[in-house]
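As structure tokens, the structure follows; a few thoughts come after it.
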Amino acid sequence: MNNFLMDVYLGLGTNMGNKRKNLLTAAALLAERAGDVLAISSFYETEPWGFRSKNTFLNAALFLQTEFSPVELLDLTQGIEKDLGRTEKSDGTYKDRTIDIDILLYGNAIIRKERLVIPHPLMQVRRFVMEPLAEIAPFVIHPVLGKSMKDMLENLNNDEHEQK
């Protein structure tokens with residue numbers, strides 16, 4: 001742990017079991033183990049992304065202040081996933097899951113490691129990430145793209161309209 005607090009945004013998702021309870025339990029465990037949870041978005045019901053499933057997802061974004069380093073936070077979130085019944089992380093193939101916790105933004109950090117890429121490399125193309133994130137952090141600026149979460153969501157909306 002370091003001695004200063006970092007603003008961190010996490011994406012949460014679940015499509016198995018009691019989905020609302022899974023998100024609330026994950027948020028409670030993050031508050032207990034990782035730092036102060038300052039905001040959590042509404043819960044958004046979404047279709048699976050990147051794979052087929054009969055189960056819809058419930059997604060949310062969470063704003064947290066933590067003293068943990070990015071890698072420590074990754075280990076901590078993966079521990080919570082295991083505690084809530086997640087048996088394996090995605091290996092490029094997406095599957096149903098009781099909980100998924102992704103580090104979306106860690107302050108203005110840009111990290112490119114084998115285990116961890118921040119900002120999350122696909123966040124800007126995923127409505128199920130951008131909608132809840134823009135709700136709680138509309139004016140936070142993406143450190144690579146230089147756009148606010150609100151603008152990125154609007155761009156996603158415009159791109160979808162153009163594709164139809």
Side-chain angles (χ1 to χ4, degrees), residues 1-17 19 22-41 44 46 48-53 55 57-134 136-137 140-149 152-153 156:
M1 278 206 256
N2 53 47
N3 292 328
F4 55 92
L5 293 175
M6 288 299 300
D7 289 349
V8 177
Y9 291 91
L10 304 175
L12 309 177
T14 175
N15 78 330
M16 293 175 63
K19 295 180 262 191
N22 293 345
L23 291 182
L24 291 170
T25 302
L29 290 172
L30 286 162
E32 182 181 300
R33 299 177 188 176
D36 291 329
V37 173
L38 301 178
I40 188 164
S41 71
Y44 292 80
T46 62
W49 190 93
F51 74 108
R52 292 185 187 275
S53 175
N55 304 316
F57 273 82
L58 209 53
N59 294 95
L62 184 139
F63 172 39
L64 168 77
Q65 285 188 326
T66 189
E67 292 183 353
F68 289 100
S69 73
V71 172
E72 290 170 331
L73 184 61
L74 176 65
D75 291 339
L76 192 148
T77 59
Q78 289 181 344
I80 290 172
E81 289 176 343
K82 283 187 178 122
D83 290 349
L84 293 180
R86 180 132 186 214
T87 54
E88 57 194 63
K89 260 318 234 189
S90 296
D91 56 2
T93 311
Y94 299 107
K95 301 176 175 103
D96 291 325
R97 61 205 70 153
T98 49
I99 193 69
D100 184 36
I101 304 170
D102 289 329
I103 302 171
L104 304 175
L105 299 166
Y106 184 94
N108 288 320
I110 299 169
I111 300 168
R112 304 266 182 263
K113 295 185 177 183
E114 187 176 329
R115 280 189 68 209
L116 182 63
V117 177
I118 297 174
H120 191 285
L122 296 173
M123 62 186 278
Q124 68 275 7
V125 298
R126 294 176 167 175
R127 170 174 295 289
F128 65 88
V129 171
M130 294 310 304
E131 220 163 17
L133 186 56
I136 63 170
V140 169
I141 302 297
H142 191 288
V144 174
L145 302 176
K147 296 179 181 175
S148 73
M149 299 303 119
M152 289 169 55
L153 177 60
L156 189 58

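- Annotation for A26 and I101: closest pair CB-CD1, 4.4 Å, computed over non-hydrogen atoms.
- Nearest heavy atom pair, residue G85 against residue T98, reads C-OG1, 3.5 Å.
- Under the salt bridge (Lys or Arg N to Asp or Glu O under 4.0 Å) criterion, the residue pairs touching residues 22-34 are R33-D83, with sequence neighbours excluded.
- L58 has its side chain out of reach of L12: every pair of non-hydrogen atoms, C-beta onward, lies at least 4.5 Å apart.
- Applying the side chain to side chain donor-acceptor pair (under 3.5 Å) test to T46 and every residue at least two apart in sequence or in another chain returns N59.
- Atom CG in L133 sits 10.5 Å away from atom CG in L62 (nearest 0.5 Å).
- Residues passing the salt bridge (Lys or Arg N to Asp or Glu O under 4.0 Å) test with D7: none are found, sequence neighbours excluded.
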Task: Criterion side chain to side chain contact (heavy atoms under 4.5 Å, CB included) on L104 and L10, from CA distance to verdict - done: CA-CA 5 Å; L104 304 175; L10 304 175; 5.7 Å; no
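- Taking the side chain as every heavy atom from C-beta outward, P70 and I118 approach each other to under 4.5 Å.
- Checked by atom type and distance alone, the side chain of Q124 never pairs as donor or acceptor with a backbone atom of M152 at under 3.5 Å.
- Partners of A39 according to the side chain to side chain contact (heavy atoms under 4.5 Å, CB included) rule, which considers only residues two or more places apart in sequence or in another chain, are F63, I136.
- With sequence neighbours excluded, no residue forms a salt bridge (Lys or Arg N to Asp or Glu O under 4.0 Å) with R52.
- Residues E81 and D100 have side chains in contact (heavy-atom distance under 4.5 Å, counting atoms from C-beta outward).
- Applying the ring-ring contact (aromatic ring centres under 6.0 Å, His included) test to Y44 and every residue at least two apart in sequence or in another chain returns nothing.
- D36 is linked by a side chain to side chain donor-acceptor pair (under 3.5 Å) to nothing, counting only residues two or more places apart in sequence or in another chain.
- For N108, the side chain to side chain donor-acceptor pair (under 3.5 Å) test picks out no residue, with sequence neighbours left out.
- Y9 and A137 make their closest contact through CE2-CB, 3.5 Å (heavy atoms, listed as atom of the first residue, atom of the second, distance).
- If you take NZ on K19 and CG on N55, they are separated by 6.0 Å, rounding to the nearest 0.5 Å.
- The side-chain heavy atoms of L105 and M123, taken from C-beta on, include a pair separated by under 4.5 Å.
- Judged purely by atom type and a 3.5 angstrom limit, T66 has no side-chain atom pairing as donor or acceptor with the backbone of G35.
- The heavy-atom pair separating V37 from A27 by the smallest distance is CG2-O, 4.0 Å.
- Minimum interatomic distance between L156 and R126 (heavy atoms only, all atoms of both residues): CD2-C, 3.9 Å.
- What you find for P143 and I110 is that their closest heavy atoms are O-CD1, 3.9 Å.
- With sequence neighbours left out, the side chain to side chain contact (heavy atoms under 4.5 Å, CB included) criterion links V71 to S69, D75, K113, R115, L116.
- For A109, the side chain to side chain contact (heavy atoms under 4.5 Å, CB included) partners two or more places apart in sequence, or in a different chain, are Y106, I111.
- Taking T14 as the reference, N22 meet the side chain to side chain donor-acceptor pair (under 3.5 Å) condition, with sequence neighbours excluded.
- The shortest distance between side-chain heavy atoms of I80 and I99 does not fall below 4.5 Å.
- When the side chain to side chain contact (heavy atoms under 4.5 Å, CB included) test is applied to S148, the partners found at least two apart in sequence or on another chain are I141, K150, D151.
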TODO: Given side chain to side chain contact (heavy atoms under 4.5 Å, CB included), test R127 with L153 step by step and report yes or no.
DONE: CA-CA 7 Å; R127 170 174 295 289; L153 177 60; 3.8 Å; yes
Open item on the list: Would Q65 and V8 count as a side chain to side chain contact (heavy atoms under 4.5 Å, CB included) here? Give the steps.
Closed with: CA-CA 6 Å; Q65 285 188 326; V8 177; over 6 Å; no
